[in-house]
Amino acid sequence: MARPPVLTPQADDFPRWYQDVLTKAELADNGPVRGTMVIRPYGYGIWERMQSEVDRRIKAAGAENAYFPLFIPQSYLTREAEHVEGFSPELAVVTHAGGKELEEPVVVRPTSETVIGEFMAKWVQSHRDLPLLLNQWANVVRWELRTRVFLRTSEFLWQEGHTAHATEADAAAYALRILHDVYRDFMVNVLALPVLIGRKTRQERFAGATNTLACEAMMGDGKALQMGTSHELGQNFAKAFDITYQDAEGTQQTAWTTSWGVSTRMMGGLIMGHGDDAGLRIPPKVASVQVVVLAIRDDPAVLAAVARISEALEDRGVRVKVDDRTDTSFGRRSTDWELKGVPVRVEVGPRDLENGEVTLVRRDTAEKQQARVVDLPVAVPSLLDLVQGSLLAEATRRRDERTVDVTTVDEAREAAQTGFARIPWATLGEAGEAELANHAVTVRCLQTPAGEVPATEDQPDVMAVVARAY
RNA sequence: CGGGGUGUGGCUCAGCUUGGCAGAGCGCUGCGUUCGGGACGCAGAGGUCGUGGGUUCAAAUCCCGCCACCCCGACCA
């Protein structure tokens, strides 16, 4: 039967597919002010799962949560030269409040290095106060010219970690630890996205950082998305905000700071990293609904079985949703759950039930199987594990198939039209980087041949991964 | 900032050339039949046609101003 597709097929128009799925899966709407977004309950439920997984890892790395103000004195921004230069064009500034013009304009934070630096300076006196490891969950505002829901919005939600250390080595080690133990671990093991890690080039570095580390993922169309960054800030902010301490010998020293963040942009990564023509495919570990138990017909035995099954699964710690809206057709409801990417459906109908069975459907492969009702408490969790693993395997296969090694700038540009290209950094260099930029191709990160973070960009074997990016 | 385009029901849009009762599809409400893969029938609700002015017996439609948004470029990263 030739029905029109539910979504614009990815191969026809990937950006259009993205827009369609945002709406039809009820993830988000555009806000009334240009570039803002409304995150709907289904989308926010996924973000809450992301938050709790990331938060747990941040705490395991020793950082504590705090909260700093949304409003920052404009003068703070100007204290670090590169920082102000990088952020000035995209600041939202409050000039009037309380019915009159303000003495000093107030900036809506685009990031919080400055205000947190100011308070770190107060709190750090002694080497015993270090390291100081802080994190906050907050909204920030950057007045972007081009916006896209989740990927680049005027206001977005994120966590931003800010730490101060006694030595450069300690700061560098911590920035790397966050990249490895918090970001990469979360993205690979929870989001099922096989991210690359590496250093940013000078061109791509955060405004005010001495070194930026990043996680980069490949989307379904072969383009790259920066999923998270971890910065070494050297002593730039410590000097600008006077974060100093007395060392064990009684000498005044300047601290070394880091900052690191992941945002609601990861929602975009999740959508474009796993989605297919039928909709989202949410990995079980971030799914706010892992299993939907769907009553096929309005039948007492069916409804009773649905309630019993969902309770049994909840007892096993599975996040379950019951769909007993039998006044809506079965086809419509299965299509909706596919759009929303719920990893597993348990379809309960009178026919199967006579044999003590139900139908289990995997979202990732669309594969259906019969299962005995009594086996579900064991069968469903193990199927969820299987889906989690196979989404990661599929994304990894795509990334590897679409990554090629090249030796010239021209080849790199060509390869970046469909995926990632790896080229020796010594071959590309900043001149080659600038040439690629003319074709909307950028260096996503610098890596060792083994895919690890290189200590410096000058190592002779460093590889540049280049791609088109969101 | 330069160039192009669009503003009509919740959404997508037609109608404008040639002025004459404000429309379609989807969505929504009710009833019925359906409902193991986007169901169907019937009956409904819902719009100051972006905004201000002008022309006219009559303006969604023609003219002038303004505003907003989108696309391309530039800028930014």
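Sequence lines set the chain letters: A, B, ... in the order given, protein chains first and strands last, and positions in each chain run from 1. Being a predicted model, the structure only gives us computed values, none of them experimental. All values below come from the heavy atoms of this structure, side chains included, with hydrogens, waters and symmetry mates left out.
The shortest distance between side-chain heavy atoms of A:Val289 and A:Arg319 does not fall below 4.5 Å.
Here, B:C70 and B:U33 have their P atoms 48 Å apart, quoted to the whole Å. B:A14 sits 15 Å from B:G5 when the P atoms are compared, rounded to a whole Å. B:U61 and B:G20 have their P atoms separated by 10 Å, with the value rounded to a whole Å. To the nearest whole angstrom, the two P atoms, one in B:C64 and one in B:G25, are 36 Å apart. Of the P atoms belonging to B:G3 and B:U8, the separation is 25 Å, rounded to the nearest Å. Between B:C49 and B:C75, the two C1' atoms lie 36 Å apart (nearest whole Å). Separating the C1' atom of B:C13 from that of B:G47 is a span of 14 Å, rounded to the nearest Å. Going from the C1' atom of B:U48 to that of B:G7 covers 15 Å, rounded to whole Å.
With salt bridges taken as basic N to acidic carboxylate O contacts below 4.0 Å, none links A:Glu144 and A:Arg142. Between A:Glu347 and A:Arg333, no side-chain nitrogen of the basic residue sits less than 4.0 Å from a carboxylate oxygen of the acidic one, so the salt-bridge criterion is not met. A:Asp20 and A:Arg16 are joined by a salt bridge, as a carboxylate oxygen and a charged side-chain nitrogen come within less than 4.0 angstrom of each other. Salt bridge A:Arg184/A:Glu452: present, at least one basic N to carboxylate O contact under 4.0 Å. Comment: A:Arg325 does not engage A:Asp298 in a salt bridge, judged by the lack of any side-chain N to carboxylate O separation of less than 4.0 angstrom.
What separates CG of A:Asp323 from P of B:C35 is a distance of 17 Å, to the nearest Å. Rounding to whole angstrom units, CZ of residue A:Arg351 and C1' of B:C35 are separated by 13 Å. Distance A:Gln19 CD to B:U12 C1': 14 Å, rounded to the nearest Å. Atom NZ of A:Lys24 and atom P of B:G10 are 19 Å apart (whole Å). Spacing between atom CG of A:Leu339 and atom C1' of B:G27 amounts to 15 Å, rounded to whole angstrom units.
Proximity of a side-chain donor or acceptor of A:Glu118 to a complementary backbone N or O of A:Thr114 within less than 3.5 Å is not detected. When atom types are taken as modelled, the side chain of A:Arg362 and the backbone of A:Lys368 share no donor-acceptor pair closer than 3.5 angstrom.
For A:Arg345 and B:G37, a side-chain-to-base donor-acceptor distance below 3.5 Å is present, hydrogens and geometry of angles not being considered.
Where RNA chain B pairs in unbroken runs of 3 or more (Watson-Crick or G-U, both distances under 3.5 Å), the stems are B:1-7 with B:67-73, B:10-13 with B:23-26, B:28-33 with B:39-44, B:50-54 with B:62-66.
At most 12 non-hydrogen atoms from other residues, nucleotides or ligands lie less than 6.0 angstrom from CD of A:Glu354.
No hydrogens or angles considered: a donor-acceptor pair under 3.5 Å links the side chains of A:Gln370 and A:Asp352. Side-chain atoms of A:Trp425 and A:Thr427 include no donor-acceptor pair closer than 3.5 Å. For A:Gln290 and A:Lys321, the side-chain atoms include no donor-acceptor pair closer than 3.5 Å. There is no side-chain donor-acceptor pair under 3.5 Å between A:Glu85 and A:His83.
Classified by interplanar angle (parallel below 30°, tilted 30° to 60°, perpendicular above 60°), the ring pair A:His231/A:Phe206 is parallel. Between A:Phe237 and A:Phe241, the ring planes are parallel. Angles under 30° get that label, and only those over 60° would be called perpendicular.
Each ring-ring contact (aromatic ring centres under 6.0 Å, His included) pair with one or both residues in residues 325-353 of chain A, not counting sequence neighbours, would appear here, but there are none.
A:Asp352 comes within contact range of at least one nucleobase, with a heavy-atom separation under 4.0 Å. Contact annotation for A:Arg325: no contact, since no heavy-atom pair falls under 4.0 Å across all strands.
Taking 4.0 angstrom as the limit, A:Ser329 places a side-chain polar atom (N or O) nearer than this to OP1 or OP2 of B:A39. Between A:Arg332 and the phosphate of B:G27, there is a side-chain N or O to OP1/OP2 separation shorter than 4.0 Å.
For the segment residues 355-368 of chain A, residues with any heavy atom less than 4.0 angstrom from an atom of RNA chain B are, sorted by number, A:Thr359, A:Lys368. Of all the residues in residues 293-309 of chain A, A:Ile296, A:Arg297 reach under 4.0 Å from RNA chain B with at least one non-hydrogen atom.
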Footprint string (nucleotides 70-77 of chain B, 5' to 3'): B base within contact, S backbone only, - free, heavy atoms under 4.0 Å: S-S-BBSS
B/S/- contact track for nucleotides 28-33 of chain B, protein heavy atom under 4.0 Å: ------
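Atoms CG and CZ, from A:Leu303 and A:Arg308 in turn, are 11.5 Å apart once rounded to the nearest 0.5 Å.
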